[in-house]
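This report refers to the structure that appears directly beneath it.
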There are 2 protein chains.
Amino acid sequence: MGIDAQLNKGVLEGCVLKLLEREFLFSGEIVERMRANGFADFSEGTLYPMLLRLEKEGCFEIKRVPSPNSPPKKYYKLSAAGRKRLEIFTRQWRALAQCIGNLFSGEDGNA
Amino acid sequence: MGIDAQLNKGVLEGCVLKLLEREFLFSGEIVERMRANGFADFSEGTLYPMLLRLEKEGCFEIKRVPSPNSPPKKYYKLSAAGRKRLEIFTRQWRALAQCIGNLFSGEDGNA
DNA sequence: GTCAGTTCCTTGCATAACAATGAACTAAGG
DNA sequence: CCTTAGTTCATTGTTATGCAAGGAACTGAC
């Protein structure tokens with residue numbers, strides 16, 4: 001099996017999933033949290049397609065809340081499917097981090 | 001600045017650069033080492049475009065060695081530019097790993 | 001009804017990962 | 001000399017993420 005190569009690209013998705021594990025958040029809050037956590041350039045152009053993709057796969061519980069100065073805000077939180085996906089990401093990330101850790105600290109990749 | 005988003009895709013490249021830091025290796029050996037290090041599905045279809053890309057950017061010192069049963073083997077090892085690129089990757093990887101580490105262990109991303 | 005502010009969404013481009021395929025070089029056998 | 005087999009090198013095309021840019025929709029103020 002090895003590392004799912006898709007993981008190489010899916011890091012941002014994994015982090016967003018993590019943010020929505022226990023809390024309802026809407027887009028503005030997600031962007032804010034991501035930036036505060038070191039993903040300084042994280043943008044809505046990345047977020048919205050991601051949210052729609054995950055929504056289509058049933059990863060969210062969604063709540064629409066009227067807003068005083070805008071269209072209703074769309075709040076997201078993980079569903080059971082979403083938690084499963086987060087779990088898979090977490091496993092994959094640990095595996096990847098270990099592979100790279102091995103390669104970079106010590107034996108230079110010799111078997 | 002934050003994390004270079006390109007890093008999300010460039011993990012395999014970083015690992016290949018690491019393998020070639022101090023040693024001349026040709027394609028077959030690179031694939032073998034990558035697989036032995038946990039990237040079990042690593043393939044030549046990924047490797048060759050990567051090597052050509054990096055070669056164009058001057059990241060390699062290259063040695064061609066005749067082979068008894070094939071076209072001459074092409075051995076790669078990092079040039080000064082290659083080592084610089086590896087260094088950048090290493091920094092970026094550490095930053096990314098720390099961001100994710102923060103997010104996943106403990107405070108759930110609250111600021 | 002128009003305007004400003006905020007939120008939501010779509011479109012299009014760049015690039016890495018990867019499968020699939022083919023070209024090039026050598027040695028061996030007919 | 002031609003073909004075949006084995007190995008290495010390279011190209012093409014598809015898919016998916018990241019992201020910039022731009023647009024649509026809803027609300028309150030004037």
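Here is how names work: the chains are called A, B, and so on, in the same order as the sequence lines, proteins then strands, and each is numbered from 1. Just the heavy atoms: all of them, side chains too, but no hydrogens, waters or symmetry mates, feed the values below. None of the values given here were measured: they were computed from a predicted structure.
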Under the ring-ring contact (aromatic ring centres under 6.0 Å, His included) rule, collect the residues that match up with B:Tyr76, sequence neighbours excluded.
B:Phe60
B:Phe24: partners by ring-ring contact (aromatic ring centres under 6.0 Å, His included), with sequence neighbours left out
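ring-ring contact (aromatic ring centres under 6.0 Å, His included) list for B:Phe24, sorted by chain: empty.
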Please report the interatomic distance CG(B:Leu86) to CD(B:Glu21), rounded to the nearest 0.5 Å.
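The distance works out to 5.0 Å.
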Who else is in B:Tyr48's hydrophobic cluster (ILVMFWY, side-chain heavy atoms under 4.5 Å, direct or via others)?
none
Within this structure, what is the [atom1]-to-[atom2] distance between [X] and [N], rounded to whole angstrom?
X       : N      : atom1 : atom2 : value
A:Leu52 : C:dC8  : CG    : P     : 11 Å
A:Lys74 : C:dC8  : NZ    : P     : 8 Å
A:Tyr48 : C:dT11 : OH    : C1'   : 16 Å
B:Arg64 : C:dA24 : CZ    : P     : 14 Å
A:Leu25 : C:dT7  : CG    : P     : 13 Å

Kindly indicate, with the supporting measurements, whether the criterion side-chain contact (heavy atoms from CB on, under 4.5 Å) is fulfilled by A:Leu54 and A:Leu17.
CA-CA 9 Å; A:Leu54 292 168; A:Leu17 288 173; 4.0 Å; yes
Looking only at non-hydrogen atoms, find the nearest pair between [X] and [Y] and report the distance.
X       : Y       : value
B:Glu44 : B:Pro49 : O-CD, 4.0 Å
A:Gln92 : A:Leu7  : O-CD2, 3.3 Å
A:Gly58 : A:Ser79 : O-OG, 2.6 Å

Walking along DNA chain D from 5' to 3', note the first and the last nucleotide with an atom under 4.0 Å from a heavy atom of chain B, and give both.
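Both ends considered, the range comes out as D:dG6 to D:dC19.
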Residues B:Glu29 and B:Lys73 bridged, charged N to O under 4.0 Å:
no
Could I get a table of every N or O pair under 3.5 Å where one atom is in the protein and the other is in nucleotides 28-30 of chain C?
none

Contact list (N/O, under 3.5 angstrom) for nucleotides 16-21 of chain C vs protein:
from   : atom 1 : to     : atom 2 : distance (Å)
C:dA16 : O3'    : B:Lys9 : O      : 2.6
C:dA17 : OP1    : B:Lys9 : O      : 2.3

Show each protein N/O and nucleotides 3-6 of chain C N/O combination with a separation under 3.5 Å, one pair to a line.
from  : atom 1 : to      : atom 2 : distance (Å)
C:dG5 : N2     : A:Asn69 : O      : 3.0

B:Leu103 and A:Phe39, any side-chain heavy atoms less than 4.5 Å apart:
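A side-chain contact under 4.5 Å exists here.
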Quick one, A:Leu20 and A:Ile30 - any side-chain contact, counting heavy atoms below 4.5 Å?
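Yes, close enough: below the 4.5 Å cut-off.
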If you count heavy atoms of other groups shown closer than 6.0 angstrom to CD of B:Glu57, is the number above 12?
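Above 12, so yes.
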Applying a 4.0 Å non-hydrogen cut-off, can you work out what A:Pro66 is touching in the nucleic acid: base, sugar-phosphate, or nothing?
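It contacts nothing in the nucleic acid.
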List for me each residue that meets side chain to side chain donor-acceptor pair (under 3.5 Å) alongside B:Thr90, sequence neighbours excluded, and say none if there are none.
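For B:Thr90 there are no side chain to side chain donor-acceptor pair (under 3.5 Å) partners, ignoring immediate neighbours.
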Hey, what bend do you get for the helix from C:dG1-D:dC30 to C:dG30-D:dC1 if you fit axes on five pairs at each end, rounded to 10°?
40°
Who pairs with [X] by salt bridge (charged side-chain N to carboxylate O under 4.0 Å, His left out), at least two apart in sequence or on another chain?
X       : answer
A:Glu87 : A:Arg91
A:Glu32 : none
A:Arg53 : A:Glu13

